[in-house]
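Keep in mind it's a predicted model, so treat the numbers as computed, not measured. Order of the sequence lines sets the chain letters (A, B, ...), proteins ahead of strands, with each chain counted from 1.
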There are 2 protein chains.
Amino acid sequence: MTPEEVAATQKFKVGEMSIAARTPILMEGANSAQLFTVLSGMGLRYKLLADGSRQIVNFVLPGDFIGLQASVMGEMAHTVEASTDMRLCVFDRTEFWTFFRAHPERAYDLTWLAAVEERFLGEALTALGQRPALPRIVWALLTIWERARLVDLTEGPSMPFPWRQQDLADALGLSLVHTNKTLARLRQSQLLTLSPGKLTVHDPEALRRTAGIEEVEVPQRPIL
Amino acid sequence: MTPEEVAATQKFKVGEMSIAARTPILMEGANSAQLFTVLSGMGLRYKLLADGSRQIVNFVLPGDFIGLQASVMGEMAHTVEASTDMRLCVFDRTEFWTFFRAHPERAYDLTWLAAVEERFLGEALTALGQRPALPRIVWALLTIWERARLVDLTEGPSMPFPWRQQDLADALGLSLVHTNKTLARLRQSQLLTLSPGKLTVHDPEALRRTAGIEEVEVPQRPIL
DNA sequence: CGGGAAGTTGAAGCCAGTCAAGATTTGTGG
DNA sequence: CCACAAATCTTGACTGGCTTCAACTTCCCG
């Protein structure tokens, strides 16, 4: 961005906002007047079904954009919830589109962000549809870990992991019990350790090989 | 669109193109100079894995937009292939962005299309992650059927279905055998008939109930 | 220190995968 | 127009990865 663009973007930032852990940010079906960029903290996107089951659609990290669906389609297709305390950059929806009409490059970035999410969901779908439990879990954790690296959340091989095993299970379409047992196997193989609050990836290369994963490529993306 | 907008859009249409059934339109990893809107015919989006398995990411119907990922991220994350003969409206990528800078409303539409795809993939992920085989198949077929209705491909309760059972299986993460047996059960229950080339939905309401699906809502979306 | 949430582990059962063979349809060359 | 081959669909039998059920342990936090 040029300095002028940054200034213009700043002008449309309504403010910042703190959210406590375990609090919903946007609910499924909501048509919020606000949009957010995550400044810090982590969260979850999920859908709830009538029978009480839950599908976690993605994990939310700093830099993520929240509320695009509501802006463009009129309502969110999933709920977004804070897993840790979060700080959000708040934009106003109406101003937002005014801003975009004036800055087509930002519209391009927005489309880019949507395309990145689409791409990720395609990969997630492939993991759920085609991979057995162990490679599926490896794929998910490696992907989160790579994303965390890009936003500097890692300390060497480790990163904060504020999610429960139940969350991971709900993301991957596995039962909690099987998820737990598979994580135990991974821990014993010394390739990866998931302990409460912390994920450590000891050998990404070996993990990729044992799980038959070609590569975990997190695409470059713009930040608003 | 206003008449002027239609005219401007027409100007950036490079031409039309016919594609034979079973021909790839855009390959995974490709960075095409062209974008397409489907005028007629049906296709598939899919990803291939190293072990030879295949995940079908979506079914392609008239009105669908192809090539957004390559435009914005530099490469396609999946392959798009024609299942029937198709006619495509061709746009040039470079001109395209020029056009969009001049017409922000079209940029809005593009983002909308990306958001619709993101929403669909979230629902597909939920189906694969949370639903057993029978409701999963019902969800997929009802969704395709509703989409087909919106573009007037249905004749009463029926629609052309150019895909094999193997395609459906690869879309839903099920084996061909189990897909076949589940389809047989649905046929016997008189709710739905899938025969080669033709899908007939006899009782959408009852299907939704037996499959525990709240509603199949295909969001409104712009067409370029 | 007590209670609730999260993590762990074992046992039993089932949904869906795999293997295998046959039936049906489609396409094609003689 | 027929005959053969290839692709797709169908069905049965067996197997196994994952789910469910259940109990126990560990970790927090008030």
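Side-chain contact between A/Ile144 and A/Trp163: present, with at least one pair of heavy atoms (C-beta onward) separated by less than 4.5 Å.
Phosphate contact (OP1/OP2 of D/dT10, side-chain N/O of B/Gln165, threshold under 4.0 Å): present.
Taking 4.0 Å as the cut-off between side-chain N and carboxylate O, B/Asp203 and B/Arg209 do not count as a salt-bridged pair. Between B/Arg147 and B/Asp64, at least one side-chain nitrogen of the basic residue sits less than 4.0 Å from a carboxylate oxygen of the acidic one, meeting the salt-bridge criterion.
D/dG16 atom C1' lies 16 Å from atom CG of A/Leu134, rounded to whole Å. Taking atom CZ on A/Arg164 and atom P on C/dG7, their separation rounds to 7 Å, with Å as the unit. The nearest whole Å value for the distance from the NZ atom in A/Lys198 to the P atom in D/dC27 is 15 Å. Atom pair A/Asp170:CG and D/dC18:P shows a separation of 17 Å (rounding to whole Å applied). Here D/dT8 presents its C1' atom at 10 Å from CZ of B/Arg22, a figure rounded to the nearest Å. Between the P atom of C/dA16 and the CD atom of A/Gln130 lies a distance of 16 Å, rounded to the nearest Å. To the nearest angstrom, C1' of C/dG7 lies 13 Å from CG of A/Leu168. Put simply, CZ on A/Arg136 is 14 Å from P on D/dG17, counting in whole angstrom units.
Under a 3.5 Å cut-off, the side chain of A/Trp145 and the backbone N or O of A/Pro157 do form a donor-acceptor pair.
Enclosure of atom CZ in B/Arg22 is not indicated, since only 12 or fewer non-hydrogen atoms of other residues, nucleotides or ligands lie within 6.0 angstrom. Applying the 6.0 Å contact sphere to NZ of B/Lys198 captures no more than 12 heavy atoms from other residues, nucleotides or ligands.
DNA chain D lies under 4.0 Å from at least one heavy atom of each of the following residues of residues 173-187 of chain B: B/Val177, B/Asn180, B/Lys181, B/Arg187.
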